[in-house]
Amino acid sequence: MTAVERYNNLDGSVVSRDALKRLLSKARKEKENRVVTKIETLLDQNDNSKFKITIAKKLSKAVQKIKRKHKRVDKASKKNKAKKKLSTLHVRGLGIPVVHLINREPVKVEQPKELFTTAQTISKSQKVNQLEKEPEQIKPKRKPIKGLPTMADLDHMDEPTETFRLETELGEFLGDLEKKPEHSVVITLDAPAGSGKTRVFFQAMEGYANDDKKCLFFTLEEHSKSKLFKDKRNQYISPKNYANITIIDDVSNYEEFKKLVESHDVIFVDSFGKLQRLIKTFKLELDEHIRKAFDGKLFFLIFQRTTGKTMRGGSDSEFDGDVILQVEKPDEDYRNNYLVARKNRYNEIPMLKYSIYHQTLIRDSEKVKKPPTKKAQPLQPKLIVRSL
């Protein structure tokens, strides 16, 4: 989304100062001065780390005019090109040619052993001129080795990349997940039973549905008509986002799965092991049948954790996924469970933790740079009146 669209989506939501600073940086890159002015005003007027934003009048999208550059042809350059023709040939004496090249040093022609006729000398001079001009006409080929692509072919890298970025604490934890032009981004999540994996899915679905992304949830472990499922829906999903989330309780074959995925943006599967058991015609592989089978999608897949604290059926998936997440249980209190990333290609901040219960980041590592905070003001003496 553009900076203007992200700013308009902030209406009625609670936003952190870090999220506004990232949006401010994006607006400056896109030269959206209207958004820059609005965000700077919000940051100056609010000192809290988080605050609610109400937009009275949303910004309209600016129409960019494409300026076509017309090539200006210089009359002097035309005359110079007209003068640069084939070399002039003057035959003197016994028919030995003397070749004169414009803007070049004269070419010395050795005396031949045999005399040439006029027709023969002209063909010789034309060959000399052709050899002299060949180096100027050679252009570098973009695909020199049997049509194989080179670095010069990656022109799409100059274009802005669309991302699945969420303007929430969970979005800051996940990073700038790109929308790939080819293939898709896969996020895997493994944890023991009852650690809050499904709750992470509900929090992510709320964020993406709020950004008008079409979400698809394969709830293969917990039926959507159960009370547990409804309780999570009522706790995490806003009624305005119900229509943006499709619920699937069962799937019979891969073709049905593929057809459902192609009509959505973000896909959640709980769990990958259950999906493998339902598709019986072949062994479903994460890299071949999911990541490389679709373009521009974002997949969230739950894996069960074994007693040895590894992903069940996920030895290959740990290398195939773009983001590998796991839930840690420091004690028996589920409210202390947090999410960590064993691998994340889209977030350079190390040692980040995300509290599932509080839906906030845990910044307890010295390597994480904390935003500067204002010094606490000294307490003013208070007047205490007591009755006698």
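The analysis underlying the following values was restricted to heavy atoms, covering all of them including side chains, and did not include hydrogens, waters or symmetry mates.
The two residues Ile290 and Val186 have their closest heavy-atom pair at CG2-CG2, 4.3 Å. Across all their heavy atoms, Leu220 and Asp249 have their closest contact at CD2-O, 3.6 Å. Here the closest non-hydrogen pair linking Leu174 and Leu177 is O-CD2, 3.9 Å. Minimum heavy-atom separation, Asn253 to Ile279: C-CG1, 4.2 Å. When all heavy atoms of Leu166 and Asp211 are compared, the closest pair comes out as CD2-OD2, 3.7 Å. Arg17 and Asp47 get closest at one heavy-atom pair: NH1-CA, 4.0 Å.
Judged by distance alone, the side chain of Tyr346 and the main-chain N or O of Asp322 form no donor-acceptor pair under 3.5 Å. With Glu30 contributing its side chain and Ala3 its backbone, the two residues share a donor-acceptor pair below 3.5 Å. Side chain of Asp295 to backbone of Glu182: no donor-acceptor contact under 3.5 angstrom is found. The backbone N or O of Ile356 sits less than 3.5 Å from a side-chain atom of Gln203, completing a donor-acceptor pair. Although no hydrogens or angles enter the test, the distance criterion places no donor-acceptor pair under 3.5 Å between the side chain of His358 and the main chain of Thr360. Remark: the backbone N or O of Tyr236 is not paired with any side-chain donor or acceptor of Arg199 at under 3.5 angstrom. With hydrogens and angles ignored, the 3.5 Å screen pairs a side-chain donor or acceptor of Thr41 with a backbone N or O of Thr37.
A salt bridge does not link Arg22 to Asp18: none of the charged nitrogens lies less than 4.0 Å from a carboxylate oxygen. Comment: Arg335 engages Asp333 in a salt bridge, judged by a side-chain N to carboxylate O separation of less than 4.0 angstrom. Salt bridge Lys197/Asp270: absent, no basic N to carboxylate O contact under 4.0 Å. Checked for salt-bridge contact, Lys50 and Glu169 meet the test: a charged N lies under 4.0 Å from a carboxylate O. Checked for salt-bridge contact, Lys26 and Glu32 miss the test: no charged N lies under 4.0 Å from a carboxylate O. Salt bridge Asp176/Arg345: absent, no basic N to carboxylate O contact under 4.0 Å. At a threshold of 4.0 Å, the pair Arg28-Glu40 counts as salt-bridged, since one of the basic side-chain nitrogens sits closer than that to a carboxylate oxygen. Between Asp11 and Lys57 no salt bridge is recorded (no basic side-chain N to carboxylate O distance below 4.0 Å).
Tyr208 does not carry Lys213 over the face of its six-membered ring by the limits of under 6.0 Å from the centre and within 45° of the normal.
Between Leu286 and Phe272 the shortest side-chain heavy-atom distance falls below 4.5 Å. Contact of the Arg233 side chain with the Tyr242 side chain is registered, since non-hydrogen atoms from C-beta on lie closer than 4.5 Å. Contact check for Val185 versus Phe164: no side-chain heavy atoms found under the 4.5 Å cut-off. Proximity of Tyr357 to Asn336: side-chain heavy atoms (C-beta onward) are nowhere separated by under 4.5 Å. Side chains of Lys232 and Phe201 form no contact here, defined as non-hydrogen atoms less than 4.5 Å apart. In this structure, Leu301 and Ile187 have side chains that are not in contact, with every pair of non-hydrogen atoms separated by 4.5 Å or more. Looking at Phe173 and Lys353, their side chains never come closer than 4.5 Å, going by heavy atoms from C-beta outward. A 4.5 Å side-chain heavy-atom check between Leu352 and Asn347 finds at least one atom pair inside the cut-off.
With values rounded to the nearest 0.5 angstrom, Lys21 atom NZ is found 12.0 Å from Ser25 atom OG. Rounding to the nearest 0.5 angstrom, the gap separating the OG atom in Ser238 from the CD1 atom in Ile245 is 9.0 Å. Separating the CG atom in Asp212 from the CG atom in Asn9 is a distance of 6.5 Å, to the nearest 0.5 Å. The NZ atom of Lys180 sits 14.5 Å away from the CD atom of Glu162 when rounded to the nearest 0.5 Å. A distance of 5.0 Å separates NZ in Lys343 from CD1 in Ile324, rounded to the nearest 0.5 Å. Taking OG from Ser271 and CG from Asp190, the interatomic distance works out to 11.5 Å, rounded to the nearest 0.5 Å.
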Go through the steps for Phe218 and Phe257 under the test ring pair (Phe, Tyr, Trp, His ring centres under 6.0 Å), then give the verdict. CA-CA 9 Å; Phe218 288 95; Phe257 172 81; 5.1 Å; yes

Please lay out, stage by stage, how Asp287 and Lys292 fare under the test salt bridge (charged side-chain N to carboxylate O under 4.0 Å, His left out). CA-CA 6 Å; Asp287 191 53; Lys292 293 182 178 179; 3.4 Å; yes

I would like to know whether Phe300 and Val266 meet side-chain contact (heavy atoms from CB on, under 4.5 Å); could you show each step before the answer? CA-CA 8 Å; Phe300 285 80; Val266 188; 4.0 Å; yes

Before giving the answer on side chain to side chain donor-acceptor pair (under 3.5 Å), spell out for Thr163 and Glu178 the whole-Å C-alpha distance, their side-chain angles and the decisive distance to 0.1 Å. CA-CA 4 Å; Thr163 65; Glu178 68 172 316; over 6 Å; no

Steps toward side-chain contact (heavy atoms from CB on, under 4.5 Å) verdict (Val4, Val35): CA-CA 6 Å; Val4 174; Val35 180; 3.9 Å; yes

May I have the step-by-step check of side-chain contact (heavy atoms from CB on, under 4.5 Å) for Val323 and Thr188, ending in yes or no? CA-CA 6 Å; Val323 181; Thr188 64; over 6 Å; no

Test side-chain contact (heavy atoms from CB on, under 4.5 Å) on Leu298 and Ile267; report intermediate values, then the result. CA-CA 6 Å; Leu298 175 60; Ile267 298 88; over 6 Å; no

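Side-chain polar atoms of Glu206 and Asn241 form a donor-acceptor pair below 3.5 angstrom.
A side chain to side chain contact (heavy atoms under 4.5 Å, CB included) with Val15 holds for exactly one of Asn46, Leu23, Leu10; it is Leu10.
Within a 6.0 Å sphere centred on NZ of Lys38, heavy atoms belonging to other residues, nucleotides or ligands number 12 at most.
Classified by interplanar angle (parallel below 30°, tilted 30° to 60°, perpendicular above 60°), the ring pair Phe217/Phe268 is perpendicular.
For Asn33, the side-chain contact (heavy atoms from CB on, under 4.5 Å) criterion is met by no residue, not counting sequence neighbours. Partners of Lys214 by side-chain contact (heavy atoms from CB on, under 4.5 Å), not counting sequence neighbours, listed by chain and number: His264, Asp265.
Close placement of the Phe229 and Phe202 rings is indicated, their centers lying within 6.0 Å of each other. Taking the six-membered ring for Trp and the full ring otherwise, Phe294 and Phe299 have centroids separated by under 6.0 Å.
Hydrophobic clustering (side-chain heavy atoms under 4.5 Å, transitive across Ile, Leu, Val, Met, Phe, Trp, Tyr) keeps Met1 apart from Tyr7. In the hydrophobic clustering of ILVMFWY residues, with side-chain heavy atoms under 4.5 Å counting as a link, Ile237 and Val14 come out apart. No path of Ile, Leu, Val, Met, Phe, Trp and Tyr side chains, each step under 4.5 Å between heavy atoms, connects Leu228 with Tyr334, placing them in separate hydrophobic clusters.
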